[in-house]
Amino acid sequence: MTNTKPRLALAFGILCISIFPILVKLQLTPGLISAFYRMAFAFSLLLPYMLFSKRFKMPEKKHLLLAVVCGVLFASDVAVWNIAIQESSATQASLLTNLSPLWLGIISYLFLNIKPATNFWIGTTVALFGMAMLVGFQFFLELDFDNAFILAVLSGIFYSIYLLVSKKALTHIDVLSFMTISLLASSIFLAIACVILNEPFTGFSEMGWFVLVIQAVVCQLMAWLSISYATQHMRATRVSLSLLSQAVLTSILAWFFLDEKITINMIIGGLILLLGIRITFYTNTLGFKTPKESPSLDLIK
C-alpha cells in the first residue's frame, strides 16, 4: 500500500506532461506566447505561497546567477519545443525532444571530459537510428531537415544544458526557491522575446486563455509536484524510465484528439528511439545523475 501513492502520483504527473503538446498543438495562441504564459502564470501562483510560507531563501549571488541561467535555458527549451509542435506534430516533436539524455552524454563527453560507458554509445546509435526511421530516411539522405525537426532537436539540446547547469545550482539552492527564481527569469526572458518579435499578449479567445492557465497549473505546477513526490518515494531510475512513456502517451492522445496520422514507420521508429534511450540507463557511469534523475524540477518538460 505504501508504494501505491507514489505510483499513482507518477502516473498522474506523466499524464499532466503528456497533455501539454496536445494543448499547444490546438494553436489557440502562438507558441512563444504560450511558453511565456506557462512560466508567468506558474510563477504568479508559486510566489504568494513562497512569500506567505516564508520558504523562499535568497541564494548567494553566484548561485542566484546559475538559477537565472537555468530559467533562460528552460524558457528557450519550451519556446522552441512549442514552435516545433505547432509546425509539425505533437508526436514527432515529443519524441525528438526526448533525445535530451543522449545530448547530455555527448555534451559531457566533449566539454566535461566525462566518458560514458559502452552502453551509452550503443543506446545512442539505436536511438539515432530510431529517429531516422521516425522522420524518414529521406530527410538524412538529402539533408532536407525542416524547421520543425531542427527546433525539436534544439529543444532537447537546450534541455540537456539546462540539466547540467541545474544540477550544480540545486546543490546550493533548495528546490522551491530555485523554481521561483528560474520561473521569474523564464518569464522575463520570454516577455522580452515576445516584445522583440511583436507577439500579441492579448486578444485570445476564452478557450485560449483557459488553455494557457491549464498549461501553467497542470503541465507545470501539478506535474512537478506529482513527480517530485514520486521521486522522493521511488527509485529515481524507475521514475526516469517511466517518464519515457510520456512521448508514447502524447502520441496516443494526439491520434485520438487531434486525428494526427501515425504511420507504421513512426511507431517502429519511436519505439526504437525509446529503446535506445532505455539502453543508456542500464548503468550510471557518467559521473553525474542520469538526466531524469536530477532533483524534481529536472524531471519536468
Side-chain angles (χ1 to χ4, degrees), residues 13 16-53 55-59 64-86 93 97 151 155 158-159 162 165-166 169-170 173-228 296-301:
C16 290
I17 300 171
S18 301
I19 67 173
F20 178 70
I22 309 302
L23 297 176
V24 173
K25 187 60 181 176
L26 292 175
Q27 299 194 38
L28 297 174
T29 59
L32 196 58
I33 280 291
S34 173
F36 163 71
Y37 278 114
R38 170 178 168 173
M39 304 303 171
F41 284 163
F43 171 74
S44 64
L45 291 171
L46 180 61
L47 182 62
Y49 167 76
M50 294 298 290
L51 295 179
F52 285 120
S53 65
R55 296 191 62 175
F56 181 77
K57 299 176 182 177
M58 181 62 72
L64 174 64
L65 180 60
L66 285 177
V68 170
V69 170
C70 286
V72 172
L73 287 169
F74 190 70
S76 302
D77 160 36
V78 175
V80 296
W81 189 34
N82 282 7
I83 298 171
I85 291 169
Q86 293 188 345
T97 196
L151 289 176
S155 168
F158 275 134
Y159 192 54
Y162 162 80
V165 180
S166 65
L170 284 163
I173 311 172
D174 69 276
V175 176
L176 283 176
S177 297
F178 171 84
M179 189 174 186
T180 304
I181 296 166
S182 63
L183 280 174
L184 175 59
S186 294
S187 302
I188 294 173
F189 174 76
L190 289 170
I192 294 171
C194 288
V195 169
I196 292 173
L197 295 175
N198 233 359
E199 295 283 344
F201 285 87
T202 57
F204 313 128
S205 65
E206 290 184 3
M207 181 58 70
W209 285 112
F210 176 72
V211 166
L212 290 174
V213 172
I214 292 298
Q215 288 178 21
V217 175
V218 177
C219 306
Q220 185 72 27
L221 293 179
M222 291 178 67
W224 169 73
L225 290 171
S226 299
I227 297 176
S228 175
S296 53
L297 183 61
D298 293 350
L299 299 170
I300 304 300
K301 194 66 170 101

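One is the number of the first residue; the rest follow in order along the sequence.
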A.B. asks: Roughly how far apart are F178 CZ and I173 CD1, rounded to 0.5 Å?
C.D. replies: 6.5 Å
A.B. asks: Quick check for you: to the nearest 0.5 Å, what is the distance between F189 atom CZ and S76 atom OG?
C.D. replies: 3.5 Å
A.B. asks: At what distance, to the nearest 0.5 angstrom, does CD1 of I227 lie from SG of C16?
C.D. replies: 8.0 Å
A.B. asks: Can you list everything that forms a side chain to side chain donor-acceptor pair (under 3.5 Å) with S177? Sequence neighbours excluded, please.
C.D. replies: D174
A.B. asks: Just verifying a value: how many Å separate N82 CG and Q27 CD, rounded to the nearest 0.5 Å?
C.D. replies: 11.0 Å
A.B. asks: Roughly how far, to the nearest 0.5 Å, is the OG atom of S187 from the OH atom of Y37?
C.D. replies: 11.0 Å
A.B. asks: Carefully, step by step, assess T97 and D77 under the rule side chain to side chain contact (heavy atoms under 4.5 Å, CB included).
C.D. replies: CA-CA 9 Å; T97 196; D77 160 36; 4.3 Å; yes
A.B. asks: Specify the closest pair of heavy atoms between I85 and A93, including all atoms of both residues, with the distance to one decimal.
C.D. replies: CG1-CB, 3.5 Å
A.B. asks: If you apply the rule side chain to side chain contact (heavy atoms under 4.5 Å, CB included), what do you find for Q220 with F41, and how did you get there?
C.D. replies: CA-CA 10 Å; Q220 185 72 27; F41 284 163; over 6 Å; no
A.B. asks: Identify the heavy atoms of G71 and A185 that sit nearest to each other, and give their distance.
C.D. replies: CA-CB, 4.1 Å
A.B. asks: Measure across L73 and F158 and return the closest heavy-atom pair with its distance rounded to 0.1 Å.
C.D. replies: O-CB, 4.1 Å
A.B. asks: Nearest 0.5 angstrom please: Y159 OH to S166 OG, how far?
C.D. replies: 7.5 Å
A.B. asks: Work out which heavy atom in C194 is nearest to a heavy atom in F36; give both atom names and the distance.
C.D. replies: SG-CB, 4.2 Å
A.B. asks: Going by atom type alone, with no hydrogens or angles, which donor-acceptor pairs under 3.5 Å involve a side-chain atom of residues 196-218 and a protein atom two or more places apart or on another chain?
C.D. replies:
residue	atom	partner	partner atom	Å
S205	OG	G208	N	3.0
Q215	OE1	S34	OG	2.7
Q215	NE2	S34	OG	3.3

A.B. asks: So which atom in A84 and which in L151 form the shortest heavy-atom distance, rounded to 0.1 Å?
C.D. replies: CB-CB, 3.9 Å
A.B. asks: Check side chain to side chain contact (heavy atoms under 4.5 Å, CB included) between L46 and all other residues, then give those that pass, not counting sequence neighbours.
C.D. replies: Y49, M50, L176, M179, T180, L183
